[in-house]
Amino acid sequence: QVQLAESGGGLVQAGGSLRLSCAASGSILSINAMGWYRQAPGKQRELVAQLTSGGSTNYADSVKGRFTISRDNAKNTVYLQMNSLKPEDTAVYYCNADIMRSSWYRLTGWGQGTQVTVSS
């Protein structure tokens, strides 16, 4: 079993900041990538930021320059620093991990989601 524990969501004013955290635990051989997705009501889930095991990053155009993804490999934890938040950033944010549970068992894990609400 693999668990993804998310934290850091909340309600903030426009222009404010939040830092999301996601720690992976359980039966893990290695992690290929970790990232963050978000889903607003009535909309498709979209990629926000992704970090590979090699250290490369990918960001949605809408968050470039405002969000930063980082990691602590020793803790199997990924962070999302969100600055200059806008009302359109309001969504449920989901942690994602591409995990090798064993040499032959690969799975994609999802956290339960954390609500981020940005008021105008």
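Every heavy atom of this structure was used, including side-chain atoms; hydrogens, water molecules and symmetry mates were not. In this text the structure is predicted, and so the values were computed from the model without any measurement.
The two residues Tyr59 and Thr68 make their nearest non-hydrogen contact at OH-CA, 3.4 Å. Across Leu4 and Ala24, no two heavy atoms sit closer than the pair CD2-CB, 3.4 Å. Shown here for Thr77 and Ala23, the closest heavy-atom pair between the two residues is OG1-CB, 3.5 Å. The heavy-atom pair separating Glu6 from Gln112 by the smallest distance is OE1-N, 3.1 Å. Summarising the geometry of Met34 relative to Ala97, their closest heavy-atom pair is CG-CB, 4.1 Å, with the distance given to 0.1 Å. Residues Arg71 and Ser53 approach most closely at NH1-O, 3.1 Å, considering heavy atoms.
By the 4.5 Å heavy-atom criterion applied to side chains, Tyr105 and Ile99 are not counted as neighbours. Within the 4.5 Å cutoff, the side chain of Asp72 has heavy atoms near those of the Tyr79 side chain. Using a 4.5 Å heavy-atom threshold, the side chains of Ile31 and Val78 count as separate. A heavy-atom distance below 4.5 Å is found between the side chains of Trp36 and Cys95. Under the 4.5 Å side-chain criterion, counting only non-hydrogen atoms from C-beta, Asp89 is not in contact with Met82. Counting heavy atoms from C-beta on, the side chains of Val63 and Arg38 come closer than 4.5 Å.
Here Gln13 contributes atom CD and Ser120 contributes atom OG; the two are 8.0 Å apart, rounded to the nearest 0.5 Å. Here Cys22 contributes atom SG and Lys75 contributes atom NZ; the two are 14.0 Å apart, rounded to the nearest 0.5 Å. Here the OG atom belonging to Ser27 is positioned 5.0 Å from the CZ atom belonging to Arg101, to the nearest 0.5 angstrom. With rounding to the nearest 0.5 Å, the separation of CD1 in Ile69 from CD in Gln81 is 12.0 Å. Between atom CG of residue Asp98 and atom CG of residue Asn32 there is a gap of 4.5 Å, rounded to the nearest 0.5 Å. Rounded to the nearest 0.5 angstrom, Ile28 CD1 and Gln3 CD are separated by 9.5 Å.
Note on Leu85 and Tyr94: separate hydrophobic clusters, where clusters join Ile, Leu, Val, Met, Phe, Trp and Tyr whose side-chain heavy atoms are under 4.5 Å apart, directly or indirectly. The same ILVMFWY cluster, assembled from side-chain heavy atoms under 4.5 Å apart, contains both Val92 and Trp110. Under a hydrophobic clustering in which Ile, Leu, Val, Met, Phe, Trp and Tyr are joined whenever their side-chain heavy atoms come within less than 4.5 Å, directly or via other members, Val12 and Leu80 fall into the same cluster.
Side chain of Thr117 to backbone of Thr90: no donor-acceptor contact under 3.5 angstrom is found.
The aromatic rings of Tyr93 and Phe67 are tilted relative to each other, their planes meeting at an angle between 30° and 60°.
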